[in-house]
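This report refers to the structure that appears directly beneath it.
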Protein chains: 2
Amino acid sequence: MRRLMIKPELCKVDTALGIIVGKWKPTILLHLLVEDTLRFNALKRKIPDITQRMLTKQLRELEEEGLVSRTVYPVVPPKVEYTITPYGKKLEPILHAMHEWGKAHIERKSQPSTEE
Amino acid sequence: MRRLMIKPELCKVDTALGIIVGKWKPTILLHLLVEDTLRFNALKRKIPDITQRMLTKQLRELEEEGLVSRTVYPVVPPKVEYTITPYGKKLEPILHAMHEWGKAHIERKSQPSTEE
DNA sequence: CAGTATCCTAGCGGATACTG
DNA sequence: CAGTATCCGCTAGGATACTG
């Protein structure tokens with residue numbers, strides 16, 4: 001048993017959630033955690049269902065929070081690369097933990113026999 | 001450096017997020033992690049800004065996912081207790097990690113000098 | 001005490017078309 | 001290639017009033 005216990009009223013979980021929540025944000029972050037750097041269209045190809053508008057929006061928001069950095073190369077045709085920042089990488093353990101929990105949750109639902 | 005790396009397309013982060021996201025869900029969970037069991041109105045007093053409607057809704061959703069259990073005592077006036085399940089307790093490390101990350105994020109924003 | 005029942009709205013996310 | 005610009009529907013969440 002750990003002894004932590006956050007004071008619920010001072011809790012910053014919502015702060016963290018406010019930043020990683022977004023229909024495509026976790027997916028984008030995961031891709032950038034794997035590839036480190038990706039061009040706009042490369043990212044778009046990896047997330048087939050996303051629209052250009054949404055990809056742009058979610059990337060801008062991630063950029064604004066410092067999780068992702070955007071590099072524009074002044075060439076034609078345009079070339080823009082998105083990279084996960086060292087700071088963004090700090091989310092990895094959390095994303096991983098959530099992934100594991102999510103997996104367990106799905107398994108749990110499929111087998112009602114499981115107790116707890 | 002850890003070697004995990006989730007396949008983004010098979011990722012269950014969204015599953016987890018789908019369950020803990022909700023304006024008041026983290027707060028409710030945190031309170032129940034501290035107190036273990038609380039009556040409806042006790043919870044309401046601890047979360048002054050929540051409306052009855054919202055408290056009921058969020059609790060029902062947490063209950064449906066098995067994170068919280070609801071016990072009705074057939075007395076008048078009514079007495080209903082909400083308890084965090086052992087399963088719900090498994091979220092604690094994740095909530096704690098998010099809290100820490102959120103705190104760091106706030107500090108980071110207040111001091112632009114910090115690198116990464 | 002522990003809820004429902006109604007009504008309402010902000011904003012997230014989608015569809016589609018256009019552009020430097 | 002990497003975006004904007006519009007338009008639009010849905011639903012999470014809030015305000016308020018009522019009840020067994």
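Quantities reported herein were computed from a predicted structural model and do not represent experimental measurements. A note on names: the letters A, B, ... follow the listed sequences, proteins ahead of strands, and every chain is numbered from 1.
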Q) Under 4.0 Å between a Lys/Arg side-chain N and an Asp/Glu carboxylate O for A:Lys89 and A:Asp36? A) yes
Q: Round to the nearest Å and state the distance from B:Leu17 atom CG to C:dC12 atom P.
A: 16 Å
Q) Can you tell me if the side-chain N/O atoms of A:Gln58 get under 4.0 Å from OP1 or OP2 in C:dG13? A) yes
(Q) For B:Thr51 and B:Leu55: C-alpha separation, side-chain torsions, deciding distance, then whether side chain to side chain contact (heavy atoms under 4.5 Å, CB included) applies. (A) CA-CA 6 Å; B:Thr51 62; B:Leu55 183 53; over 6 Å; no
**Q.** Student check: side-chain heavy atoms of A:Leu43 and A:Leu59 closer than 4.5 Å
**A.** yes
Q) Which sits closer to the 5' end of DNA chain D, A:Arg53 or A:Tyr82, going by the nucleotide each is nearest to? A) A:Tyr82
Q: Identify which one of A:Lys79, A:Arg39, A:Glu81 satisfies the side chain to side chain donor-acceptor pair (under 3.5 Å) criterion when paired with A:Tyr73.
A: A:Glu81
Q.
Under 4.0 Å, heavy atom to any atom of DNA chain C: which of residues 22-50 of chain A qualify?
A. A:Gly22, A:Lys23, A:Trp24
Q. Can you check whether A:Pro26 reaches B:Leu17 side chain to side chain, under 4.5 Å on heavy atoms?
A. yes
Q) So B:His99 and B:His96, would you call those rings parallel, tilted or perpendicular, with 30° and 60° as cut-offs? A) tilted
Q: Under 4.0 Å between any heavy atoms, over every strand shown, what does A:Pro78 touch: base, sugar-phosphate, or nothing? Just pick one.
A: base
Q. Considering only side-chain heavy atoms of B:Thr56, which listed nucleotide, C:dG13, C:dT4, C:dA2, is closest?
A. C:dT4
Q) Going by an N to O cut-off under 4.0 Å, is there a salt bridge joining B:Glu100 and A:Lys12? A) no
Q.
I need the NZ-P distance between A:Lys79 and D:dG3, as an integer number of Å.
A. 14 Å
Q: Round to the nearest Å and state the distance from B:Arg60 atom CZ to C:dG3 atom C1'.
A: 7 Å
Q) In whole angstrom, what separates B:Gln52's CD from D:dC18's P? A) 14 Å
Q: Could you check how far CG of B:Leu55 sits from C1' of C:dT4, rounded to whole Å?
A: 14 Å
Q) Which whole-number value in Å describes the distance from A:Leu59 CG to C:dG13 P? A) 14 Å
Q: Measure the distance from NZ on A:Lys57 to P on D:dT4 and round it to the nearest whole Å.
A: 12 Å
Q. How long is the line joining CE of B:Met54 and C1' of D:dT16, in whole Å?
A. 13 Å
Q. If you check the A:Thr51 side chain, which of D:dG3, C:dA15, C:dG13 turns out closest?
A. C:dA15
Q: Using the six-membered ring wherever Trp is involved, compare the ring planes of B:His105 and A:Tyr87 and label them parallel, tilted or perpendicular (cut-offs 30° and 60°).
A: parallel
Q) Of all the base pairs, Watson-Crick or G-U under 3.5 Å, which form stems of three or more consecutive pairs involving DNA chain C? A) C:1-20 with D:1-20
Q. Taking side chain as C-beta onward, heavy atoms only, is A:Thr37 less than 4.5 Å from A:Tyr82?
A. no
